[in-house]
2 protein chains.
Amino acid sequence: MARPAPSADTAQRILDVAERLVQTRGFNGFSYADIAETLRVTKASLHYHFPSKAVLGKQLIERYETTFLAALRAIEAGSTEPREQLKRYAKIYADVLRDGRMCLCGMLASDYATLPKPMKEEVKHFFDVNEQWLVAVLERGRKAGSLGFKGPALDLARVLVGSLEGAMMLARSYGDASRFDTAAERLIASL
Amino acid sequence: MARPAPSADTAQRILDVAERLVQTRGFNGFSYADIAETLRVTKASLHYHFPSKAVLGKQLIERYETTFLAALRAIEAGSTEPREQLKRYAKIYADVLRDGRMCLCGMLASDYATLPKPMKEEVKHFFDVNEQWLVAVLERGRKAGSLGFKGPALDLARVLVGSLEGAMMLARSYGDASRFDTAAERLIASL
DNA sequence: GTCTATAGGTGGATAGAC
DNA sequence: GTCTATCCACCTATAGAC
């Protein structure tokens with residue numbers, strides 16, 4: 001007790017570095033050696049904390065989803081207006097992109113065919129949670145009359161998630177984050 | 001002349017196999033060994049036709065873009081109605097997805113950070129061409145009054161490309177191509 | 001144009017000392 | 001919990017015979 005704030009524990013720092021690597025290079029585009037070099041430890045040390053890359057990857061998604069859910073709760077706390085909530089949802093993506101990253105699960109969706117099965121399940125769960133959150137926001141907006149759209153909210157939620165992920169991917173290729181903003185604004189303005 | 005149809009020449013068959021591998025596993029998710037095994041030749045033989053993976057990758061995109069452009073011309077020949085042309089544009093993606101693949105350049109956009117520079121330029125060019133084609137269709141539809149949208153057609157074209165790519169990515173993760181169809185229909189119906 | 005053989009490097013992962 | 005040392009599989013790529 002009353003100790004100076006401990007530096008983040010090693011496992012967390014490993015996850016931090018691995019997360020950024022997956023978000024920029026994909027799951028097949030980085031190695032334990034990359035993490036080891038950044039943290040200046042040996043590969044063997046990493047295997048102590050995460051016995052296999054599959055385990056590391058799974059924990060990466062679990063932590064990412066937890067953080068993401070916290071951001072969604074923060075949105076709910078910050079505004080109750082559905083359209084504003086959608087804008088803030090899109091801003092999560094925009095902030096990640098401006099930090100030079102892609103959505104972790106967007107990257108993993110691209111790598112999907114090569115992922116260990118446990119990671120596949122976690123990736124889908126992440127998107128399921130996103131869809132569910134968006135459905136709730138969309139339904140509230142429709143009932144309140146502040147959002148206008150036809151058909152199942154779930155279909156629209158899926159369009160939104162896919163469109164934001166895709167817009168992010170293209171914006172990065174062009175090195176132009178404003179491409180994402182323009183796309184996100186259009187998508188939300190159409191509701 | 002009058003010979004039996006020759007089997008596709010070796011370079012083309014290599015490109016065929018490599019194309020499918022990139023479309024399913026990504027550029028970092030396959031190796032010369034994978035191609036060699038499928039075609040039952042040696043890796044050394046592949047290097048005779050494509051000295052490096054970077055060269056193979058670049059030619060892959062060039063051929064893909066050529067094929068894609070031919071499909072766009074076929075759309076123009078098949079219908080002059082802008083909304084119908086958009087539906088057929090989306091159907092190109094849907095057909096690729098039902099063949100168990102992703103868009104080649106969608107996959108490469110995910111791998112973007114790890115690509116050799118020549119491949120990066122080709123990927124962007126592919127998307128540029130897609131945007132330009134869509135802009136022309138959208139502008140015609142707007143002038144004819146059959147499509148309704150506000151703002152620059154280029155912005156909308158970019159939304160469409162990104163959204164279709166993203167929808168494709170998610171649909172594959174869930175192993176459900178109909179997710180793509182639903183998204184594409186919504187996107188086009190909103191115009 | 002395809003082969004065998006191999007170079008030279010990196011991948012994930014483990015054993016065992018400290 | 002981190003290290004050294006190592007394993008073995010795989011990677012891209014090349015030399016040179018056929």
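Heavy atoms only: backbone and side chains are in, while hydrogens, waters and symmetry mates are out.
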- Could you check A:P51 against A:A33 and say which one's nearest nucleotide on DNA chain C is further toward the 5' end?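 Mapping each residue to its closest nucleotide by heavy atoms, the 5'-most match is A:A33.
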- Minimum side-chain heavy-atom gap B:K91-B:D95 below 4.5 Å: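 Yes - at least one pair of side-chain heavy atoms lies under 4.5 Å apart.
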- Is any side-chain heavy atom of B:C103 less than 4.5 Å from a side-chain heavy atom of B:Y64?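 They are in contact (side-chain heavy atoms under 4.5 Å apart), so the answer is yes.
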How long is the line joining [atom1] of [X] and [atom2] of [N], in whole Å?
| X | N | atom1 | atom2 | result |
| --- | --- | --- | --- | --- |
| A:Y32 | C:dG12 | OH | P | 8 Å |
| B:K43 | C:dG8 | NZ | C1' | 12 Å |
| A:N28 | C:dT10 | CG | P | 18 Å |
| A:E37 | C:dT10 | CD | P | 11 Å |
| A:L56 | C:dA13 | CG | C1' | 13 Å |

- Query: Do B:M169 and A:L154 share a hydrophobic cluster, counting only Ile, Leu, Val, Met, Phe, Trp and Tyr and linking them when any side-chain heavy atoms are less than 4.5 Å apart?
  - Reply: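 As far as the 4.5 Å side-chain criterion goes, A:L154 and B:M169 are not connected within one cluster.
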- Would you verify whether the NZ or CZ of B:K53 falls within 45 degrees of the ring axis of B:F30 while also being under 6.0 Å from that six-membered ring's centre?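 Yes - B:K53 lies over the ring of B:F30, closer than 6.0 Å to its centre and within 45° of its axis.
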- Query: First contact, last contact: which nucleotides of DNA chain D are these for chain B, 5' to 3', heavy-atom distance under 4.0 Å?
  - Reply: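 For DNA chain D, the relevant span reads D:dC11 to D:dA15.
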- Message: Is there a side-chain contact between A:S31 and the phosphate of C:dG12, meaning an N or O under 4.0 Å from OP1 or OP2?
- Response: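 Checking A:S31 against C:dG12: at least one side-chain N or O falls below 4.0 Å of OP1 or OP2.
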- So which one's nearest nucleotide on DNA chain D is more toward 5', B:F27 or A:S45?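 On the 5' side of the pair lies A:S45.
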- Message: Determine whether a donor-acceptor pair (N or O, by modelled atom type, separation under 3.5 Å) exists between the side chain of A:Q85 and the backbone of A:S79.
- Response: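 Yes, because the side chain of A:Q85 sits within donor-acceptor range (under 3.5 Å) of the backbone of A:S79.
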- Item | Test item: A:Y112 side-chain N/O and B:S173 main-chain N/O as donor-acceptor pair under 3.5 Å |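 Here the side-chain-to-backbone pair exists.
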- Item | Sugar-phosphate only, base, or nothing, as touched by A:F50 at under 4.0 Å among non-hydrogen atoms |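 Here A:F50 touches no strand at all.
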